[in-house]
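Contents: one structure, followed by commentary.
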Amino acid sequence: MSQAVLERRSEMLKKHIQQLLIRDNQQGISRQQNMFLQQMIKELHQTSHELNGSR
């Protein structure tokens with residue numbers, strides 16, 4: 001993927017992760033939402049790795 005696509009993907013993942021963490025801290029999240037959160041964190045880690053590797 002191009003640098004711009006990876007950066008955009010990273011920003012979107014960070015925004016979604018932040019929203020879920022805020023919801024979790026305020027009212028809790030379901031088991032399914034927690035699994036989704038963990039998957040997004042893994043994807044963010046992978047995207048960060050790809051970004052650092054392409055520089």
Side-chain angles (χ1 to χ4, degrees):
M1 280 189 252
S2 72
Q3 182 81 14
V5 172
L6 289 172
E7 289 174 359
R8 176 69 178 140
R9 179 177 174 85
S10 177
E11 290 304 314
M12 289 175 58
L13 285 166
K14 287 177 186 177
K15 181 179 177 184
H16 284 97
I17 290 168
Q18 181 182 23
Q19 289 172 342
L20 268 176
L21 288 174
I22 290 170
R23 185 181 311 153
D24 188 25
N25 286 333
Q26 291 176 345
Q27 62 194 28
I29 57 175
S30 70
R31 185 174 181 203
Q32 183 179 12
Q33 288 172 320
N34 188 49
M35 290 171 53
F36 183 59
L37 174 62
Q38 295 304 316
Q39 183 62 35
M40 283 194 297
I41 291 170
K42 289 176 187 176
E43 289 180 28
L44 178 61
H45 178 76
Q46 177 64 31
T47 301
S48 296
H49 180 73
E50 290 177 30
L51 269 171
N52 291 333
S54 66
R55 290 185 179 171

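In this text the structure is predicted, and so the values were computed from the model without any measurement. Nothing fancy with the numbering, it's 1 onward along the sequence.
Atom-to-atom distance recorded for Thr47:OG1 and Asn52:CG is 11.0 Å, nearest 0.5 angstrom. The CZ atom of Arg9 lies 12.5 Å from the OG atom of Ser2; values are rounded to the nearest 0.5 Å.
The hydrophobic side chain of Met35 is isolated, with no ILVMFWY side chain under 4.5 Å apart from it.
Residues passing the salt bridge (charged side-chain N to carboxylate O under 4.0 Å, His left out) test with Lys42, sequence neighbours excluded: none. With sequence neighbours left out, Glu11 forms a side chain to side chain donor-acceptor pair (under 3.5 Å) with no residue at all. Every side chain to side chain contact (heavy atoms under 4.5 Å, CB included) that Ile17 has, sequence neighbours left out, goes to Leu21, Leu37, Met40, Ile41, Leu44.
In this structure, the side chain of Gln33 engages the main chain of Ser30 through a donor-acceptor pair within 3.5 Å.
Minimum heavy-atom separation, Glu50 to Leu6: OE1-CD2, 3.4 Å.
Shown here is Gln32, whose CD atom has no more than 12 heavy atoms of other residues, nucleotides or ligands within 6.0 Å.
Under the 4.5 Å side-chain criterion, counting only non-hydrogen atoms from C-beta, Leu20 is not in contact with His16.
Among pairs with a residue in residues 23-40, none fulfils salt bridge (Lys or Arg N to Asp or Glu O under 4.0 Å), at least two apart in sequence or across chains.
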